[in-house]
Amino acid sequence: MFDVSKPWLNRVLEGGEKQYLKAVDGVSFSIAKGETFALVGESGSGKSTVARMVVGLLPPTDGEVVIDGVSMSSRAALAERQRLRRRIQMIFQDPYASLNPRWQVDRIVAEPIRAFRLIEREKEITDRVGELLTLVGLHPADGKKYPHEFSGGQRQRVAIARALASNAEFIVCDEPTSALDVSVQAQILNLMRDLQDRLGLTYLLISHNLAVVRHMASRIGVMYLGRIVEISNGRELFAHPKHPYTRMLLDAVPDVGMTGRQRIPVSGEIPNPISPPSGCTFNPRCPFANERCRAEIPPLLGGVACHAIHEGRLAVDAAA
Amino acid sequence: MADAIQAAPAPHSTPTTWAGRFFDSDVWASFKRSKLTMVAAFLTALFMASAILAGLLSPQDPFDPAQLELMNSRLPPIWDAEGQMPFVLGTDEQGRDIFSAILYGLRISLAVGILGVALSATLGITLGLVAGYLGGTVDAIIMRIADVQLTFPAILIALLVDGVVKAVLGGQLDEVTTLSVLVFSIGLSFWVQYARTVRGSVMVEKNKDYIAAARLIGLPTPVIMFRHVLPNVLGPVLVIATINLALAVITEATLSFLGTGMPETMPSLGTLIRIGNNYLFSGEWWIVAFPGIALAVLVLAINLLGDWLRDALNPKLR
Amino acid sequence: VTLRYANQGDLKSLDPYTLNETTTIAHHGHVYEGLTKRDKDLSIIPGLAERWEISEDGLTWRLFLRKNVKFHNGNPFNADDVIFSATRVRAQGSNFQTRVPSGSEWVKVDDYTVDVKLKSPNPIMNAQWDTWYIMDKEWAEANNSVAPTPAAATTPSYASLNANGTGPFKIESHQPGVKTVFKPNKDWWGKVEHNLDEIVFTPIASDATRVAALLSGEVDVVEPVPLQDVQRVNSSANAKVQAGPELRTIFLGFDQTRDELLFSNVKGKNPFKDKRVREAFYKAIDIETIKSRVMRGMSTPSALMIAPQLFSLSKDFERPKADVEGAKKLLADAGYPNGFEVGMDCPNDRYVNDEAICQAVVGMLARAGVKVNLMAQPKAQYFAKVLKSGNYNTSFYLLGWTPGTFDSHNVLFDIEGCRNDPNSSRGESNLGNFCNKQHDELTDKILVESNKEKRDQMIKQAFQITFDEYGYIPLHQQALAWGVSNKVNLVQRADNQVLLYWAQKKE
Amino acid sequence: MFAFVIRRALQAIGVLLAVGIISFAMFRFAGDPVNQIVSLDTPAAEREQVRRSLGLDDPVPVQFARYLSRAVQGEFGVSYQFRQPVSDLLAERMPATLELAFCATLFAIGFGVLMGVYSGLKRDSFLAKVFQTISLIGISLPTFLIGILLIYLFSVILGWLPSFGRGDTVRLGWWSTGLLTTSGLKALIMPSITLGLFQMTLIMRIVRAEMLEVLRTDYIKFARARGLSTRAIHFGHALKNTLVPVITIVGLQFGSVIAFAIITETVFQWPGMGLLFVQAVQNVDIPIMAAYLMLVALIFVLINLAVDILYTIVDPRLRTSIRQPA
Amino acid sequence: MAEPVLSVRDLRVEFVTRRGILKAIDGISFDIAKGEVLGVVGESGAGKSVTGSAVIGLIDPPGRIAGGEVLLSGMRIDNLPPEEMRRVRGKRIGMIFQDPLTSLNPLYRVSEQLVETIRTHTNLSASGARKRAIDLLAEVGIPAPERRIDSYPHEFSGGMRQRVVIALALCAEPELIIADEPTTALDVSVQAQIISLLKRLGREHGTAIMLVTHDMGVIAETADRVAVMYAGRIAEIGPVRDVVQNPLHPYAKGLMGAIPSLESETDRLVQIPGSMPRLSAIPPGCPFNPRCPFVFDRCRVERPEPIQHSEHRVACHLYDETSARPEAVA
Ligand SMILES: Nc1ncnc2c1ncn2[C@@H]1O[C@H](COP(=O)(O)OP(=O)(O)OP(=O)(O)O)[C@@H](O)[C@H]1O
Ligand SMILES: Nc1ncnc2c1ncn2[C@@H]1O[C@H](COP(=O)(O)OP(=O)(O)OP(=O)(O)O)[C@@H](O)[C@H]1O
Ligand SMILES: [Mg+2]
Ligand SMILES: [Mg+2]
């Protein structure tokens, strides 16, 4: 929850109330070891916020993130949390922005090693950095370059190498390929796959490119305005989308296969998150909305949060 | 731009030594392209060198009263019929050799400039960094202090600080103390500029993901602030610093005009100009002209360097 | 005919008793008058008192006041005004309290006769009468200005914003720091010697600007012209410098009272207690070079602590010749073969070329082996440091002195007198406390001696003591330098008061 | 908006208090005011009396508290030198300083912006280099020297302009202006140039740098792609976008304009507050010094406010954030 | 076929840097007919944007057009004097840049920017221009345009801003629109709206469109023909369905193969080994030869010229009948 109220003084004088923006509201999901969980949804639906809360960059206002049985938000488990830190890493949306432009790449990659004191001897650190760079398909000699001397795909690899340096087992990837062309994107996705196969990594993948998600994810959560509206197995979601929003999203995807499928644009704009619609937040754009949808927030039952489906008004196999 | 991913050796390999990288950089290239900048750099270097070597280059130690001969006072430059060796540029009212005085004065002016800028930059950068990074109350307090500071420009501060120091120390103000007062006053009044600039950039930088990445590793805040953020906000600071270097020299001269600069027995370039200023009408033009020219050329050179640096550091302008 | 006049300083308060400052007093002199006045040669002439008599015992002075004098507002001048003024000048907030002997009683005999009853005889009481001006009692009372404006007041008195005197000029308008306009007083009792219809006075603090204003013809009279610009002014087509000797004596003094100097590397003793050291300093200084190079010939080297105009026997004294070798030898004899270090205090905005003189002195002493650390500072800080209020916080200093009474006694008492008696104000300005019993005994006798010849001999004796002891190093009397347009004729008085009621201007 | 004003007012009071405390802490080192009031041969007893009557024998905090309590009632005391209420003196001097500062700033902005735009547009042209070098004179010679040189040239040698003062002024209520008479305007020329030269250089350099920056932005490129005329692009789109930093600098520098006005006013005997302040420092006239510093602080706070309001006029993106800084 | 709206002949663009002259565009030719959408794809840095800028004459120094011709409806425009070129821009060619946030001047209202542009190119009165501006906004699908027109750009969402940019490009009903990655910053839902808007323009106004993007889905859906660029040259150009489904050039093959699809079931995506050469070090012969799986000797020495192959034009020696082909193309 972000406090976006006016400053205290203004409120006192103008009689306004405290305003909160619920970026993420009542999101629950779990990720099993070794799987790839994906979050999809329109821009501003709260995907990045979830990612940042999962790695502990943002404290949740309510609820908790539990990793391997340790709560990331409880005060007591400080030491535990510190140990967890090194097992979780994040690959940021924009690889260039996530690398300090004034640091050489080997220093960037070595930073978690030094910070967590994984290796003490300088010589061994150098060796380990070289090893990591090789692992992600770079040359150890590239360590002496600065981030701007790399191409986008290479930078992404550096970020991955840094994430691996802490021996992380769980990596959060926030739109890792959004700005890349397909050939470079293919390189990165393949690498992520290889690493998962070899090291048994767990991924939380965020993307608005549904094709990428479909290619990578074992399970997928669809977010709309801070809530998860549908959770499903990867292939299942694309084959049998349930929630009206999911259907709308899939319909909007352009068709590369040239199957002649007509693309239906999503209608309407995403509402203002500060004053979301009451009831189901999707109701103003939903063709199946009724009074209940406008009044009552649907619970996530059977992998979907939709009154119409729960009531059987909307058949599960109606689309796709 | 992309190199071959499988580490195909780049045709233009990047030099690894520090110096190598410098001479390979775009900054150096743009330096070589601009004649004006090269002249400015040469002049700046010349001034620095002559300030450092003042003792060797000058025929007289203008700060040693025993070497001043009142009978030699107010001699015109050497090319004038009344000029005398070794006073190439003439002498002032006390028989001080203008040429020597310029060299020694340069030393003081540059010291004031460089130290003043160093002090204000350190202060300003630290406060700006802290304010920008921590935000909230700390930020508000530092920025209010900055507001108070801004109402006391360098001149007022120096007038006040000078009085305080003289009164507190009561006794004699030696060279070092006077210099410290000036440096302190100038440092104190210039820091706001740095603080505001740095704060602005920090507020942009701190939201970038490389800071989030550092936090993710669990680095302590001061380490993040100084190791990660600082290097990325230094660009504009460098440019302000060159301008302020010149400004500090001028401010010192102005303070001298108000009677709180360097003492006349140890004149800085500014003090020399202030002294010479009194002789503008009386025909002894050389007392003000040569120090004035020296100061103007110095400031010009430093600023041309600053201008060039500003452009050269901006990758979009190359 | 309008005369435009610019001075370095300003006419600050119109209340004649609040600020003791030459420029301000001189301006008041156009508007107000004292019981006596000083003539062009500084001799005392009758002012609002036509004449006065001293009783046999010297304790009662009878004043006969001028009749038919009117204040600018038309009120007649009479004995009440004198008594009122004598009271007001001694009231709180006045800075001229000592100009009237303390404890003296002023009694009205009739409208034009006043008796002054003294506690002890004071033969030179009338020497200060010209420095406190007579104000109008009725006007002051009507305008709630009976007491002088104290500086701490939150509202200024009427008298500090308005003037009502008996003098030859009236103030037409006054904007402090900007402009003051004077108009002639048509009803003035005296003989008008000027031909002006208006005086416009502007302060111009910056030397260069003031000279520029004279050279460009924007003003007719400026005071002072900086020494270095004298030639430039003289060579210009429309103005010249009117120069003359001034009464102020510039001198150097030593701390001769502390057992260890405050600012020196000599520890455990005070070199200035040794007469040889003082003599060495005296001899190291080449006053002629200072005159020619620093003062550009515009000074009168002096052997005495008083200007020759103020003491007739001055010519009997002659400055010893400068002698660096002799100085070195004296220092060696005194136990300082390699000299020593001492700090010197010097104002840098008070006297003509004050800082330059100090620098020259520093150079000359350096040649005799003494390293002087010069501390030149603005007068505000300088006086705060060296005067009594600053605990005489100095070891070696430069100062200037004009005896307010134009009489040697003032010098002998204030500057050369021993300040050992805490109940007396003797020697309060004797910053280094040069002290000689015999000298002080003479001083006391001089005060009550009314025979001029005898008195002069006693003064000479007292000065001789200081001279022989090298108690002070008198340097010179600085020169007055007024810049005057070629169209203007001025009378220059040695006390540096620019008095325009003697001015003539050609159109 | 109301809350914004109130918050600014509270901040202003804080700033003023801080300025006051700092000033008072420093005054006692400026010298002994008594020496400036009495003459050298005034006996110590009389000096003490003057000191007491000025309240200078009280401890500094007491003096400050007394000053504050009076200042709140609009009493700023009486000048030691002039024996006039400080508020009258400052009120009389303020128009002079503000007019000078205004004209200097106008001069600086006018020429600075023009030269900056030109040298930003034609970065490599000869004239741009000339501008850049010449403008540096503004910061390479001390203000006082520039002033004296101008006086020497234009007053003494050419006799065109007056060397000192404000010329004839006209009263409009309590405000005396020199802007309505020929002599007043003539008198403004040299001081304005002297004072404005430094700001002009600064503004020119900022405008130039910003122009270079802005001309490479996407919206300028897009404006060109839309085929807008060069004039519209340079002066409509580019220049307006350079204004925010220019306003910042002009605002930030206003303090130094006021400070350097001290020098300029001294050189030109300009009857403004700066001159009054210099003389107050020389004569340890504490009431004037205190009031001046507070007034400068107040002006500065107002300028800050004006700058913030100007921002929102120039840049609509800031409008919401002023009303609610998030 | 009638005269093409845009005809580019052997265009060359160079950047003069201190490390030598970079050939960003090295001899490309293509036409766009009335109402046609030409998609341009290719690896990052291949020269897509530079081509667009070169057509509209907005190559900034140190770049320069080093050769070739650009013809707009038969009129040569690459050598027009600046003032005449200015009149072509906006009036006859509209440009849409990638980033909707930075393309609009933040200090002016949308209405001001629209009216200014309209009045530059037409002689409408102020009120007439405003009316037209409102119509334009309605046309690009902004709801309640008469209310929104006086907003500032920052008050619009990204998608709406992009639509304003398009409206600005449409002001004078240009014959040609160059859209440089118009949807990269937008999410799928907005993207779909923009694409359908562009398609409608081509259909209804006969506007020719050059659409630069790296989103193959968009290309497949929108373009009539597609050009695949590699290292400053056109590797292959042809009808969209052919090129996407049956690419000839090895690079185009690699590119199409790398697209993750919503249907196919692969574990690994196909990737092209290596990366595009730096412009300063383009290998002799075919620029793709170091990465090409079908490379043979001729590729390393001789630069392949585009040749017609069925409906494609492809620059590859494999399809040159004269070259000794080592084996059949897969
Ligand atoms: N620091 C913040 N303060 C206030 N609101 C915020 C903040 N960060 C994010 N938000 C808001 O929270 C909501 C969710 O943002 P988030 O970045 O998680 O979206 P997202 O799904 O990642 O979108 P995108 O696909 O554009 O990255 C948005 O409405 C955003 O405006
Ligand atoms: N100002 C410039 N100076 C030097 N080289 C440039 C400049 N602008 C572009 N280039 C080079 O020209 C080449 C083509 O760039 P262009 O922007 O057209 O690529 P693109 O195909 O649009 O790539 P992307 O998909 O990343 O937008 C690139 O290699 C780039 O480095
Ligand atoms: Mg996101
Ligand atoms: Mg591009």
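Here is how names work: the chains are called A, B, and so on, in the same order as the sequence lines, proteins then strands, and each is numbered from 1.
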Applying a strict 4.5 Å limit to non-hydrogen atoms, the region of D/F144 in contact with chain C is neither

C/S206 portion near chain D, given a 4.5 angstrom heavy-atom threshold
both

Can you tell which of D/L276, D/V156, D/L158 has the highest number of heavy-atom pairs within less than 4.5 Å of chain C?
D/V156

Given that the side chain runs from C-beta out, which part of D/R93 has a heavy atom under 4.5 Å from chain C: side chain, backbone, both or neither?
side chain

Portion of D/Q279 that has a non-hydrogen atom of chain C nearer than 4.5 angstrom:
side chain

Proximal component of D/V86, with respect to chain C [non-hydrogen, under 4.5 Å]:
neither

Segment of C/F96 engaging chain D (4.5 angstrom heavy-atom cut-off):
backbone

Quick one: closest heavy-atom pair of D/Q269 and C/I204, and the distance?
OE1-CA, 3.0 Å

Against chain D, work out which of C/P203, C/P403, C/A6, C/G400 has the most heavy-atom pairs shorter than 4.5 Å and name it.
C/P203

Who are the salt bridge (charged side-chain N to carboxylate O under 4.0 Å, His left out) partners of C/D10, not counting sequence neighbours?
none

Could you tell me whether C/Q231 atom CD has more than 12 heavy atoms of other residues or ligands within 6.0 Å of it?
no

Tell me which of these, C/S425, C/G177, C/S429, has more heavy-atom pairs under 4.5 Å with chain D than the rest.
C/G177

Given heavy-atom pairs under 4.5 angstrom as the criterion, report whether the side chain, backbone, both or neither of D/L89 touches chain C.
side chain

Check whether D/Q84 reaches the backbone of C/L161 with its side chain - one donor and one acceptor, N or O, closer than 3.5 Å.
no

For chain C, which of D/G147, D/P162, D/S163, D/P271 has the most heavy-atom pairs under 4.5 Å?
D/S163

Taking side chain as everything from C-beta outward and backbone as N, CA, C, O, which of these in C/L14 sits under 4.5 Å from a heavy atom of chain D? Side chain, backbone, both or neither.
neither

Can you check whether anything in residues 208-218 of chain C gets within less than 4.5 Å of chain D, heavy-atom wise, and list it by number?
C/A208, C/T209, C/A212, C/A213, C/L215, C/S216, C/E218

Near C/N144 CG, under 6.0 Å, is it more than 12 heavy atoms from other residues, nucleotides or ligands?
no

Measuring heavy-atom distances to chain C, does D/E92 have an atom under 4.5 Å in its side chain, in its backbone, in both, or in neither?
side chain

Report which part of C/R350 has an atom under 4.5 Å of a heavy atom belonging to chain D: side chain, backbone, both, or neither.
neither

Does atom CH2 of D/W175 have more than 12 heavy-atom neighbours, drawn from other residues, nucleotides or ligands, at distances under 6.0 Å?
yes

Is C/R426 in contact with chain D via its backbone, its side chain, both, or neither, using a 4.5 Å heavy-atom distance?
neither

With C/Y351 via ring-ring contact (aromatic ring centres under 6.0 Å, His included) - residues at least two apart
none

Hey, could you give me the CG/NZ distance between D/D285 and C/K12, rounded to the nearest 0.5 Å?
8.5 Å

Region of C/N410 in contact with chain D, defined by heavy-atom distances below 4.5 Å:
side chain

Under a 4.5 Å heavy-atom cut-off, does chain D meet the side chain of C/K388, its backbone, both or neither?
side chain

C/S13 side chain near D/F82 side chain, heavy-atom distance below 4.5 Å
no

Contacts of type ring-ring contact (aromatic ring centres under 6.0 Å, His included), residue D/F76, not counting sequence neighbours
none

